[in-house]
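Chain naming here is simple, since letters A, B, ... match the order of the sequence lines and numbering starts at 1 in each. The model shown is predicted, which means the values in this text are computed figures rather than measured ones.
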Amino acid sequence: MSSKLLANLNEPQLTAVTLPHTSALILAGAGSGKTRVLTTRIAWLLTTGQVSPSGVLAVTFTNKAAKEMLTRLSSMVQVNVRTMWMGTFHGLCNRFLRMHWREAGLPQTFTIMDTQEQLSMIKRILKQNNIDDEKFPAKQLSWFISSAKEEGLRSNAVEAFDEYTRKQVELYQLYEATCQREGVVDFAELMLRCYECLSKFEALREHYNARFRYILVDEFQDTNTLQYKWLRLLAGPNTAVLAVGDDDQSIYGFRGAKVANMQRFEHDFAPAKIIKLEQNYRSDGSILEAANALIRNNNGRLGKELWTDQGHGEPIRVFQGYSDGEEAAFVLDSVKAAMNDGVPLDDIAILYRSNAQSRVFEHGLFNAGIPYRVYGGLRFFERAEVKHAMAYLRLINNPEDDNALLRVVNFPPRGIGAKSIENLQQVATATGVTLWQAACSGGAGSRAQVPMAQFIGLIEGMRIATKGLALPEIVRHLLDASTLKALYVADKDGQDRVENLEELISAADNFLRETGGVIHIENFDGSISESDDPMSAFLAHASLEAGDTQAAEGRAALQMMTVHSSKGLEFDYVFMTGLEEGLFPHDNSLNDDGGLEEERRLMYVAITRARKRLHFSYAQMRMLHGQTRYNVPSRFLDEVPAALLKWLSAKPKNLLAMEPHAPLSGDSSGRNLSSFAASIGSASRTDSGFRIGQQVSHAKFGHGVIINADGSGKNVQVEVNFVDHGIKRLALEYAKLTAI
DNA sequence: ACCAGAGCCCTTTTT
DNA sequence: GGGCTCTGGT
């Protein structure tokens, strides 16, 4: 297997995969084989014995990307992936904190709050402190707190120069105290705690610094300040950090991502090499040309131009509709035509800037009986009924969790109304205890005395009854004992919810089977122990990985999503809709600086999703938020060369037919690299004591790594990838290589 | 205590 | 247009 590892990589890809033990930055354009490079790099490091799985840390942003990496890696090498630190930033921090909860100052059973829960906690705090929520909206506060944390700032470190900010900081402080009292953490807290813990405990930091020989970061352009600082802390003097990213695809500036981290990386990590992956294997030439032309309008790019040897392909089809309805009809007709041509529905995507735009298309598709799938709705673990069930689970795990208690203390209704809960909160605030503690001491007032005692009895009864049971059985018991399921069974509209609750039992079962419900802990002495706490693990899983939007993926369906959620995906046919000023670029984006450029990168992402056929469309008039708007075509349409566009609607513009073009650029001479790749694995050790993966030094070429060897005796030739001189083939007898 | 109808806002989103 | 909060009636 491993002999084929390096086959069919192009030159820059090969260089990146076989880099010596140094830090490097890879500028990977859309569709240039970024994930392949990352996974092959890890596989290569492992098979050549340069590092053991436990010495690798590979980090991504989404669970999907992490999973993809893991799947691809396991198909390349046989390796115990459990000892490898591969996952999302937050997932890895969670793993760290489960091991080092003492040092981090957290209870062992700490639970993770998602955004909804964070918001409700803030609302609670506002109410308890009689703060005008018109003046301090909860949403804005949660943004304030998360942003501060993502800059690495605790409440006492935020500088406040005005009264308003001072009040926000004060509330941030209250929020911190509440989290600590209840033993819960939000997403940003996972990162910040982990970061603080590492910076505070030198021994801990040194351990991980020495352990991680290689750190690989995916989608580096999306890292925020804290994530960058975290990486710097984890990387020791002998850690090689490989950052892979694309500044042109940075579309999360609005939530704190800093493209500038790519420049900072050049400064702080002194990468020996910056490698550009510019050959695109996804899209036809005209699509890439459009993308290149558009993005050229941005300033301060790191500079990168996509090319393909696949030929020009078709022009981009453009349609102007009179109304959003007419635009939808155009898309619908085109989809039908594509279906007739045998294009699978999964290979067709409708993209839009904002979620509200999906409805017209959904309507049309529904009436036409075309199956479709909308991304970005409520996910499984975010559904109310599932949240309720999980709240019971959380209370068994940690009754001090106020969010969980409030969610179910009167659901299903059991006679504990708003007034009683208010009493309870008053007592809790006054005495500085959690709601559960307040409830246990009768804080809900005399009216609620009996029902509250019953509730406490219910939770404790559940804990006793489920002790020792397997996770799915625990869930099943909770659903019955809480009468949650019965409530929905009795509701004639509750069918879906009952199904989701039953699905939750399956989810617990799957989770147990896939992970064993166990968190692996590697101790300082290298031994491995397991934290056998399936419940905490499952709760973390539910928060960190909220699950798919739609559980059943089953049959083929047309894909509908925002441009943001399309990043990383690709389709044969792409319909980029709603190309109107105000919508895309969005009005609200024009206010913040760099906003327009981020919108343009968004458009760049949209264009580069298409493999074969790309459609642009817009409407002169549309209904949005219950109001009719008249829009002019997006400026982005003008930024694509007219020669690449084919107007389908009667638009007073040139109707240029495409001239067949020569391939865009780049040479396709492509050295056959597979020949020397073939011997990796089989001849991984030469007679002379050098081996594949060996770090070497050469008088003239400097620092490098052996990536291949063949011949025997005096005729051994080695292939070395030098940091500064690239890949060289040398005769071992004469080359005077020194092992380092 | 609980439910039903009226008013209000509204990019993008993963963890 | 739709999801969420607030208010008033039972």
Within the stacking criterion (centroid distance below 5.5 Å, interplanar angle below 30°), does A:F254 stack on B:dT12? yes
Rounded distance (nearest 0.5 Å) linking atom CG of A:L234 with atom CZ of A:R232: 12.5 Å
Counting just side-chain N and O atoms, does A:R414 come under 4.0 Å of either OP1 or OP2 of B:dA1? no
Do any side-chain nitrogens or oxygens of A:R379 fall under 4.0 Å of OP1 or OP2 in B:dT14? yes
Would you measure the distance from the C1' atom in C:dT5 across to the matching atom in B:dT12 and give it in whole Å? 24 Å
Nearest-Å distance once atom C1' is located in both C:dC6 and B:dT11: 26 Å
Classify A:F89 by what it touches in the nucleic acid, base, sugar-phosphate, or nothing, heavy-atom distance under 4.0 Å. nothing
Taking 4.0 angstrom as the limit, do A:E189 and A:R154 come out as a salt bridge? yes
So if I take every side-chain heavy atom of A:P413 and compare against B:dT13, B:dT11, B:dC2, which nucleotide ends up nearest? B:dC2
With a 4.0 Å limit, can you tell me whether A:N355 has a side-chain N or O closer than that to the phosphate oxygens OP1/OP2 of B:dT13? yes
Of A:R301, A:K567, A:R601, the residue whose pairing with A:D248 passes salt bridge (Lys or Arg N to Asp or Glu O under 4.0 Å): A:R301
Give A:T115 one of three labels, base, sugar-phosphate or nothing, depending on what nucleic acid heavy atoms sit under 4.0 Å from its own. base
Reckon A:N63 touches a base, only the sugar-phosphate, or nothing at all at heavy-atom distances under 4.0 Å? sugar-phosphate
From B:dA1, B:dC2, B:dT15, pick the nucleotide closest to the side chain of A:H90? B:dT15
Sugar-phosphate, base or nothing in reach of A:F61, heavy atoms under 4.0 Å: sugar-phosphate
Verify the contact: side-chain N or O of A:S354 to OP1 or OP2 of B:dC10, cut-off strictly under 4.0 Å; return yes or no. no
Answer with base, sugar-phosphate or nothing: what part of the nucleic acid does A:D114 contact at a heavy-atom distance below 4.0 Å? nothing
Report the nucleotide, chosen from B:dT11, B:dC2, B:dT15, that has the shortest atom-to-atom distance to any side-chain atom of A:N410. B:dC2
Check every strand shown and say whether A:D186 touches a base, only sugar-phosphate, or nothing at a heavy-atom separation below 4.0 Å. nothing
What about the rings of A:W230 and A:F89, do their centers lie closer together than 6.0 Å? yes
Indicate, with a heavy-atom threshold strictly under 4.0 Å, whether A:E599 touches base, sugar-phosphate, or nothing. base
When you measure from the centre of the six-membered ring of A:F110, is the NZ or CZ of A:R98 closer than 6.0 Å and no more than 45° off the axis? yes
Among B:dT11, B:dT14, B:dT13, which nucleotide sits nearest the side chain of A:H564? B:dT13
Under 4.0 angstrom, heavy atoms only, what part of the nucleic acid is A:K123 near: base, sugar-phosphate, or nothing? sugar-phosphate
What is the distance, rounded to the nearest whole Å, between atom CG of A:D218 and atom P of B:dT14? 16 Å
Which of these nucleotides, B:dT11, B:dT12, B:dT15, is closest to any side-chain atom of A:T562? B:dT12
Measure from the side chain of A:F187, starting at C-beta and using heavy atoms only, and say which of B:dT12, B:dT13, B:dT15 lies closest. B:dT15
Within the 4.0 Å heavy-atom criterion, would you say A:S589 contacts the bases, only the backbone, or no part of the nucleic acid? base
So what does A:R359 touch, heavy atoms closer than 4.0 Å: a base, only the sugar-phosphate, or nothing? sugar-phosphate
Could you measure the distance from the NE2 atom of A:H388 to the CZ atom of A:F411? Nearest 0.5 Å is fine. 4.5 Å
